[in-house]
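Have a look at the structure below, then the notes.
Computed over heavy atoms, backbone and side chain alike; hydrogens, waters and symmetry mates excluded. The structure displayed is predicted, hence computed values, not measured ones.
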Amino acid sequence: MALQPLTSEQKQALAKLRTIAGGAQPEKRKEHQARVTHRKAIRGVLEREASTVPKIAAELSLPTDTVLWHLTAMRKYGQAAETGEDGDYVLYALAPQSEESH
């Protein structure tokens, strides 16, 4: 299911809602930016090779629960997949992108 671009009326309604609501709080923006940064870093590791949660966490100096949380979300949305095992740990890799997801 592809997302449709917003119409100009929808964009105006969103802008009005943001003004009324006071916009995003600075701490929420900071949290969001950290999530985006973490996700990009994890994708970068997985672009090079399949890896496990502990290895990714060590390479990026992130807590393992944070890495696992991101990988769970990436699996849910078809961005990552389990590709095997490395000892007791699951190997994760980027999922192949289908034509529908573009």
Side-chain angles (χ1 to χ4, degrees):
M1 178 173 143
L3 294 176
Q4 299 297 320
L6 295 176
T7 65
S8 60
E9 293 83 19
Q10 290 170 324
K11 289 178 184 178
Q12 290 173 353
L14 279 173
K16 184 176 181 180
L17 180 61
R18 285 187 188 111
T19 302
I20 293 168
Q25 300 299 317
E27 58 272 2
K28 293 293 183 185
R29 285 178 189 244
K30 189 175 181 179
E31 290 171 10
H32 173 73
Q33 187 58 46
R35 284 192 302 272
V36 169
T37 301
H38 293 163
R39 188 74 53 93
K40 284 182 181 179
I42 292 168
R43 288 185 63 80
V45 170
L46 296 179
E47 284 174 351
R48 292 192 304 274
E49 64 180 343
S51 193
T52 64
V53 170
K55 287 180 182 177
I56 296 169
E59 183 172 336
L60 300 177
S61 299
L62 292 172
T64 54
D65 62 331
T66 299
V67 172
L68 182 59
W69 183 85
H70 283 291
L71 285 170
T72 300
M74 291 170 74
R75 281 183 53 228
K76 178 178 180 179
Y77 295 107
Q79 299 171 356
E82 295 179 5
T83 60
E85 293 182 1
D86 182 7
D88 292 335
Y89 297 101
V90 174
L91 278 172
Y92 292 94
L94 291 180
Q97 297 297 311
S98 68
E99 290 300 314
E100 289 182 12
S101 65
H102 292 255

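- Residues S51 and L46 approach most closely at N-CD2, 4.0 Å, considering heavy atoms.
- You'll find the side chain of K76 stays beyond 4.5 Å of the side chain of T72, heavy atoms only.
- Between H38 and W69, every side-chain heavy-atom pair lies at or beyond the 4.5 Å cut-off.
- The distance from the OG1 atom of T83 to the CD atom of E49 is 10.5 Å, given to the nearest 0.5 Å.
- Taking 4.5 Å as the limit, some side-chain heavy atom of E47 sits within range of a side-chain heavy atom of L94.
- Distance CD/E82 to OG1/T52: 12.5 Å, rounded to 0.5 Å.
- One finds the CZ atom of R29 at 11.0 Å from the CD atom of E27 (value rounded to the nearest 0.5 Å).
- By the 4.5 Å heavy-atom criterion applied to side chains, T64 and I56 are not counted as neighbours.
- The side-chain heavy atoms of I42 and M74, taken from C-beta on, include a pair separated by under 4.5 Å.
- Here NZ of K40 is found 10.5 Å from CZ of R43. Values are rounded to the nearest 0.5 Å.
- Remark: the backbone N or O of L62 is not paired with any side-chain donor or acceptor of T66 at under 3.5 angstrom.
- The side-chain heavy atoms of R75 and Y92, taken from C-beta on, include a pair separated by under 4.5 Å.
- Atoms CG and NE2, from D65 and H70 in turn, are 10.0 Å apart once rounded to the nearest 0.5 Å.
- Without hydrogens or angle criteria, Q10 side chain to T7 main chain gives a donor-acceptor distance under 3.5 Å.
- Residues V90 and V53 fail the side-chain proximity criterion, which asks for heavy atoms closer than 4.5 Å.
- Contact between L71 and A80 at its shortest, heavy atoms only, is CD2-CB, 4.5 Å.
- Minimum interatomic distance between G78 and A95 (heavy atoms only, all atoms of both residues): O-CB, 3.3 Å.
- Distance check: T37 OG1 to H32 NE2 gives 9.0 Å after rounding to the nearest 0.5 Å.
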